[in-house]
Protein chains: 10
Amino acid sequence: MTSHDEAVAAVGQVLRYLEERNGVRFDPEVLENTPTRWIAFLETATQGMRAKEPTAVQFELTDGGTVQLSDVVFHSLCEHHLLPFFGTASVEYRPRGFVVGISALVHIVEHHARRLQLQERMTRDIAYAIAVATGSDEVKVKIDAEHLCMSMRGVAKPGVRVTTQACASGVSPIDRDENQ
Amino acid sequence: MTSHDEAVAAVGQVLRYLEERNGVRFDPEVLENTPTRWIAFLETATQGMRAKEPTAVQFELTDGGTVQLSDVVFHSLCEHHLLPFFGTASVEYRPRGFVVGISALVHIVEHHARRLQLQERMTRDIAYAIAVATGSDEVKVKIDAEHLCMSMRGVAKPGVRVTTQACASGVSPIDRDENQ
Amino acid sequence: MTSHDEAVAAVGQVLRYLEERNGVRFDPEVLENTPTRWIAFLETATQGMRAKEPTAVQFELTDGGTVQLSDVVFHSLCEHHLLPFFGTASVEYRPRGFVVGISALVHIVEHHARRLQLQERMTRDIAYAIAVATGSDEVKVKIDAEHLCMSMRGVAKPGVRVTTQACASGVSPIDRDENQ
Amino acid sequence: MTSHDEAVAAVGQVLRYLEERNGVRFDPEVLENTPTRWIAFLETATQGMRAKEPTAVQFELTDGGTVQLSDVVFHSLCEHHLLPFFGTASVEYRPRGFVVGISALVHIVEHHARRLQLQERMTRDIAYAIAVATGSDEVKVKIDAEHLCMSMRGVAKPGVRVTTQACASGVSPIDRDENQ
Amino acid sequence: MTSHDEAVAAVGQVLRYLEERNGVRFDPEVLENTPTRWIAFLETATQGMRAKEPTAVQFELTDGGTVQLSDVVFHSLCEHHLLPFFGTASVEYRPRGFVVGISALVHIVEHHARRLQLQERMTRDIAYAIAVATGSDEVKVKIDAEHLCMSMRGVAKPGVRVTTQACASGVSPIDRDENQ
Amino acid sequence: MTSHDEAVAAVGQVLRYLEERNGVRFDPEVLENTPTRWIAFLETATQGMRAKEPTAVQFELTDGGTVQLSDVVFHSLCEHHLLPFFGTASVEYRPRGFVVGISALVHIVEHHARRLQLQERMTRDIAYAIAVATGSDEVKVKIDAEHLCMSMRGVAKPGVRVTTQACASGVSPIDRDENQ
Amino acid sequence: MTSHDEAVAAVGQVLRYLEERNGVRFDPEVLENTPTRWIAFLETATQGMRAKEPTAVQFELTDGGTVQLSDVVFHSLCEHHLLPFFGTASVEYRPRGFVVGISALVHIVEHHARRLQLQERMTRDIAYAIAVATGSDEVKVKIDAEHLCMSMRGVAKPGVRVTTQACASGVSPIDRDENQ
Amino acid sequence: MTSHDEAVAAVGQVLRYLEERNGVRFDPEVLENTPTRWIAFLETATQGMRAKEPTAVQFELTDGGTVQLSDVVFHSLCEHHLLPFFGTASVEYRPRGFVVGISALVHIVEHHARRLQLQERMTRDIAYAIAVATGSDEVKVKIDAEHLCMSMRGVAKPGVRVTTQACASGVSPIDRDENQ
Amino acid sequence: MTSHDEAVAAVGQVLRYLEERNGVRFDPEVLENTPTRWIAFLETATQGMRAKEPTAVQFELTDGGTVQLSDVVFHSLCEHHLLPFFGTASVEYRPRGFVVGISALVHIVEHHARRLQLQERMTRDIAYAIAVATGSDEVKVKIDAEHLCMSMRGVAKPGVRVTTQACASGVSPIDRDENQ
Amino acid sequence: MTSHDEAVAAVGQVLRYLEERNGVRFDPEVLENTPTRWIAFLETATQGMRAKEPTAVQFELTDGGTVQLSDVVFHSLCEHHLLPFFGTASVEYRPRGFVVGISALVHIVEHHARRLQLQERMTRDIAYAIAVATGSDEVKVKIDAEHLCMSMRGVAKPGVRVTTQACASGVSPIDRDENQ
């Protein structure tokens, strides 16, 4: 088991390794406070992992057409490189007798973005969660993102746009658990 | 002193802390390889700290007008949060009897971006370095960036554009060392 | 029963609560006149609730193709937060032997926007009303809006675009009443 | 003195007035919970009034050029109509020997937006606050906003852009208090 | 029967009514010449009513694909308010053995715009006329316009875009006359 | 003196002249109601002539920077052709100790647009009126418009943009009256 | 002296030369009518040469600010290649006690475009003509054009934009004649 | 038969006709050299008429997907008015076992543009030629152009966009000759 | 066999040929170092030819929707003219039970761009390689490029956009080898 | 001395070196013809070196304002890497008593682009050449380019824009020769 203080201390070790590797001395303020700040960042960036799936208030409405939210800005953290990826999500569903509060849909996006994540899995899981929350047969999710693990390292190609799409339909919470 | 393996092990501790904090289990592949990948990323992202200031080939040219490079994409790492900031740099100088290879100007930008950095200091240091390399009396640097430390945490305002500008003029290497 | 003056007085109480909650004193002009202005705003913003459904003049025209109005700016008031949502509506129908005055279509949009409202219901009700006014088998309505209840509170995500669509076809006034 | 519950009850009176004024019955969920939600919104929207002016960490830097933050999205509340106005702020200063954390500048904008406000006063007060925080001789603030009090009522002109600008220079906290 | 001079005199009466209604005196030049200018404008704006349907030169061409003209700017006059509406027309046809001079298609648009008009009827009549001129089975017309009767009066919504579409196919001049 | 009914009858004469001129018969609905509608339009379009100059509420504010409103959409009526011109106005002033309600500035633009007008005079008169209302030394007005008298008749050049600018400074109501 | 029929016959000779040069036979309709059409085009394209300089109505206005017309589309004919050049003109003047009808300014542009022309001379002559018509001390003309003589032959560079600017000031008709 | 010199002399006659028609004297340089320049232009503009259809190198490639060239700028000459039309062509084909050099496709466009031409015929003939060169079953050609014969004369509508499309499929050279 | 030094010497011969052909003397630095630099460039530009096909890490994921990478900037070298072509690639696949690391897809694009190449073949080979790496039944590749061999020589048409598309489906490595 | 055939043979050696370096075999067509094509390209790309400075026809014109050509697309060849750089040039001068044919200015740009070149020197030399051709005191040249030597090798930063500017003034041909 690792305590918060041990985690902070571990980041301090990483900084000292960078000092040695590069033959430099960091500013004392950096050495003293950056580890705490980075651990706090990680806690914020993973808060979706310890929160419960958001619930959605329901409002009865027959003939509800379709509902789409787009340009939902999100930031997530790539589980393979601990590096951010970020962009916009678009979610859409066709109501069956009731609509849900539109904020709930944004909370679902946030819930799945705030964790160590894979964009493809995040897309699918948001689709599942909206299908559960709305009971809808037609759910579509599309996510456009830039990944810093491709911009700042490796292939070093800034500007690549990664677009993932997923649909979900009539899934029940039980089906969903078995799929994961 | 911290060795490479100790740095990797320290990141592993951070991951275990996140598991406990969030009550989750990460994928074994993540636990095994992500620490190594993140340390490798940090080494890449700080390579400007251990490299020598780039040198610039000189080509004689009288009446050389002005030379500007813009849309130079860069990625750097904020020293207070270990989080990326990135954007574009524009650099400009007025030659005095000779021009320098344009690639050298881009190398100077990279050299100062690839480190734990502060955008304001990076802007000023690039201006100094170009003044030294070109001997020019008129050097202007402008950097536009987005900082993830404002988008993913804290004030949580994605989309804020930070623009810094600096000039340099006729500095010698000696003046510069004293200023740093 | 609440009179106009009682409603104004109630808003005054809310302002005094804000003074206490925040430990400030508002300007006397604000305390004296803002409650009256806000009640007047609410009366304007809900005037669609007390007006009759707009009527449409009819002009005979065979083979009328399709008619679409887009970029119809509207402002409405979210019934759950008393906060504005606003954007543009697009309405379209295929005439059956006669066309209606185009202003009538805009009046219908206004009629359903000027009330405490839900965007999904507003979209559907505009489609119903146009189907009644035109007798058309093919009515399509699309509404794009930004909701301040997502920008200024709660998820705090400015810039999310909410798009709702609905169709209506051959509905009579009787069918419509039963559906609501 | 007005308690929280009295404020909520007062909003309930306003809703009942609207029912009578318009001859309608609101949904029970609206009658029950909307007053609480609107009071909670007002508390959020005025939290800058009860918070302390944000403090800014200082980092030494000679020859710091200029620093500008733009596209800072904000939402505020017009004190004359209790209606939102919102847009973007741009702030700029020329450092004198040290720079401040860029997040602090955004916190200052938020601090002055989260209150019953007048755009012209907000612009000036942000300029003052940045001059105090940075000690700079050259501070410029520019705010672009749309006011719902012009879009949804009164002149009913959606799309009018209100741009205010203010400068501040070398003010001390004392000068500032006297000016307010 | 009304002569030209009587028509001019009638507009003079309208101006005098406006003087009385508003309690002002117009400039003598306005009183003297504006009526003549406005009658001349009406004659220009309705010249399509007294002209013959434009004829189209034919050029033989097998396998002629499709031909489309777009961005054809037009101005017309709403017959209900004597107010202009204007925008762009797009016309398309699939030739059957011959093509027609492209100018003829623009003349047809002008011919139906230069009259007291209804946008829906104008769209249909242009489609009919092109079907007659080209003998084509596939004619499509689309018109996008802004109507000053919605911008300057009534619902007072500037910026609404009205889009009408019509098709025509194999119509003979005889069919057309019966449909009108 | 011309009564409202005489004015309506005069427009009827104009329509009958157009019937004779073009050899057509208008729809009975047009003959019966269009004259009334057009007179009603003229009354709306000239209501600024019979209204009083809008008054502006004043709010004390030292160091008020500059205040600009742009993208103020307006429609006016050219006094030489009775044809609309329309576009956007931008107004700006530097406050001297107090600011005025921003709606008042828009009301001033409307006041001078709603009349038989000349764009150059309208621009100057708005500048004068704002100088009077604000007591400011620095008032700037800029108006961009399209004139249908150039698009639909005469030179027949749609798309020409007419831009007029005027400044005003420290004028008193007395100076202004003498200048007109 | 060359009559109209001789000019048409001369164009017929040119067509026959092209038949021989290229070893082809043109369509009889082309041989018969194209010469007449091209001569008619030249007469239209040079009609500014035989027309009188447009006159401008004057309207008294003190403090008239500045007046600018932009996006005035024009087509002219390059005198060296008989090939079209075309683009947009922008004209601006500062009135001295009176303004002129805005259509007059467009007529002046047309007057100088409709001739065998040189863009630089056309720009200057429009500036002169506006100075004469308005008596203004400050006249500015700017013309942006594409020249087919550079796109279709010679350097064969489509897309080159040629921008000419000229000012004029207080010129009298006499000064102007001497300059030409 | 007309020689080159006779053709040049004929253009000289046209210029003298314009002098008489307009009552002007052209510059001697214009009278002396413009006829030669215009004949040279016509020779360039019709060189596709005397050249052979371009040949295309073939490169074997199975599974070659689709190949499209777009934004191919071209200039041609309308055979009815001797006036330029110009714009962009887009050509596409699906290879059958081999691809052709992409330059060949552009040469084919040029070959059919450099002649007295009709846009509809040019579109079809390019499709035929590409079908022959590639043996492809699926060839699509789309041409967007502006015609000066509609901008500078006749309907005088600058900005009209003429779009023609044609397909070709499996044609052999023999089929093609019969269709023309 | 040609050694590296012989290749460099051969480029030197080319430079001397250009000196003679053009009657000039190049700068000594050019003569001395440009051949080495150009050979180094060719080695970089063809490194995909000597590298192994990139491998892709696999992550299990059911219901993975679709994955698309777009705006992947690439530069390649046309095998017929040794001249660069460059643009962007877009790749898409539908996962079957697992997803691959997104960087791998970019490495595959680079692998096929870094060689003497034909755009059509590169498009197809990338589709094949992704089908092999992902086992997907639905792979789509689209490449947009500009070719300097059309901009700087031959048809001399800068700005032509070449778009190639290819699909691949369920290919095994064996099928692929037979197709090449 | 190197003959054309020896230059072609030298390129063949380079190709064979690439075969060995990469362990591949090129297509026979490539081996046979690519060397000839590349030498032909170099001859085209350097033709400005063996041509005479373009001459410019002069046309008398007093008060000629300013003349600017922009968006002049050019392609040149970097003398250090034999790699293309390309973009647009803008040239401007103020005439002194005469203007020059606008094509001449484009020919001057081409003349200095078609050689082994340095962008800074090209910019200055174009300014000199225009000053000589026009005798103007005010010549400005601005060139925007992308360099493949930065996109395809070395720093590998595609998208960097290099902007150079130069002025020239009253230079005589003698001054210019001494400067070079």
Side-chain angles (χ1 to χ4, degrees), chain G residues 1-4 6-24 26-27 29-30 33-35 37-51 73-84 86 115-116 118 148-149 151-154 156 158-159, chain H residues 1-4 6-24 26-27 29-30 33-35 37-51 73-84 86 115-116 118 148-149 151-154 156 158-159:
Chain G
M1 293 224 319
T2 310
S3 71
H4 175 272
E6 287 167 336
V8 169
V11 183
Q13 276 187 285
V14 171
L15 288 183
R16 278 189 300 278
Y17 170 65
L18 287 179
E19 287 189 324
E20 287 169 41
R21 179 73 179 87
N22 295 309
V24 296
F26 293 137
D27 192 271
E29 204 276 343
V30 167
N33 297 319
T34 294
R37 286 187 284 244
W38 194 62
I39 291 298
F41 157 72
L42 286 179
E43 291 180 335
T44 300
T46 61
Q47 68 193 8
M49 288 182 131
R50 60 187 182 273
V73 172
F74 77 91
H75 289 75
S76 187
L77 210 53
C78 158
E79 77 184 16
H80 294 104
H81 302 94
L82 284 186
L83 280 174
F86 44 87
R115 58 186 66 200
L116 298 199
L118 195 63
L148 289 182
C149 58
S151 304
M152 293 187 76
R153 50 160 294 290
Chain H
M1 296 227 315
T2 310
S3 71
H4 175 271
E6 287 166 337
V8 168
V11 183
Q13 274 186 288
V14 171
L15 288 183
R16 279 190 299 277
Y17 171 65
L18 287 179
E19 287 189 325
E20 287 168 42
R21 177 73 179 88
N22 295 310
V24 295
F26 293 136
D27 192 270
E29 204 277 342
V30 168
N33 297 319
T34 293
R37 286 187 285 243
W38 195 62
I39 291 297
F41 157 73
L42 285 179
E43 291 180 336
T44 300
T46 61
Q47 66 194 12
M49 289 182 131
R50 59 188 183 274
V73 172
F74 77 92
H75 290 75
S76 187
L77 209 54
C78 159
E79 76 184 17
H80 295 105
H81 303 94
L82 284 185
L83 281 174
F86 44 88
R115 58 187 68 199
L116 299 198
L118 195 63
L148 289 181
C149 58
S151 304
M152 292 187 76
R153 50 160 294 289

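Note that the structure is a prediction, hence the values are computed from the model and not measured. In what follows, chains carry the letters A, B, and so on, assigned in the order in which the sequence lines appear, proteins first and then strands, with residues in each chain numbered from 1.
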For residues [X] and [Y], determine if any side-chain heavy atom of one lies less than 4.5 Å from a side-chain heavy atom of the other.
| X | Y | result |
| --- | --- | --- |
| G:Glu43 | G:Ile39 | yes |
| H:Val11 | H:Thr34 | no |
| G:Arg21 | H:Thr46 | no |

(message) Which one wins on heavy-atom pair count under 4.5 Å against chain G: H:Leu83, H:Asp27, H:Val14?
(response)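 Looking at each option in turn, the highest pair count goes to H:Leu83.
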(message) Taking every non-hydrogen pair under 4.5 Å, which of H:Val73, H:Leu18, H:Val24, H:Thr44 racks up the most with chain G?
(response)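 It is H:Leu18.
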(request) Look at the rings of G:His4 and H:Tyr17 and say which category their plane angle falls in: under 30° parallel, 30 to 60° tilted, over 60° perpendicular. (result)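 The arrangement is perpendicular - the two ring planes meet at more than 60°.
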Most chain H-contacting option - heavy-atom pairs closer than 4.5 Å, from [options]:
| options | result |
| --- | --- |
| G:His81, G:Glu29, G:Arg50 | G:Arg50 |
| G:Gln13, G:His80, G:Met49 | G:His80 |
| G:Arg153, G:Arg16, G:Met152 | G:Met152 |

(request) Starting at CG of H:Leu42, measure out to CG of H:Leu116 and round the result to the nearest 0.5 Å. (result)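 Interatomic distance, H:Leu42 CG to H:Leu116 CG, rounded to 0.5 Å: 7.5 Å.
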(message) If I measure from the heavy atoms of chain H, does G:Phe74 come under 4.5 Å with its side chain, its backbone, both, or neither?
(response)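 G:Phe74 has no heavy atom closer than 4.5 Å to chain H.
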(request) Select one option (side chain, backbone, both, neither) describing which atoms of G:Leu82 are under 4.5 Å from chain H's heavy atoms. (result)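 Both the backbone and the side chain of G:Leu82 come within 4.5 Å of chain H.
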(request) Would you mind checking which part of H:Ser151 comes under 4.5 Å of any heavy atom in chain G, side chain (CB onward), backbone (N, CA, C, O), both or neither? (result)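 Both backbone and side chain.
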(request) Please state whether the side chain, the backbone, both or neither of H:Phe86 comes within less than 4.5 Å of a heavy atom of chain G. (result)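 It is the side chain, since no backbone atom gets that close.
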(request) Could you tell me whether the side chain of H:Glu79 and the main chain of H:Leu118 form a donor-acceptor pair under 3.5 Å? (result)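 Pair absent, no side-chain N/O of H:Glu79 close to backbone of H:Leu118.
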(request) Taking all non-hydrogen atoms of both residues into account, name the closest pair between G:Leu148 and H:Pro84 and its distance. (result)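 The answer is CD1-CG, 3.5 Å.
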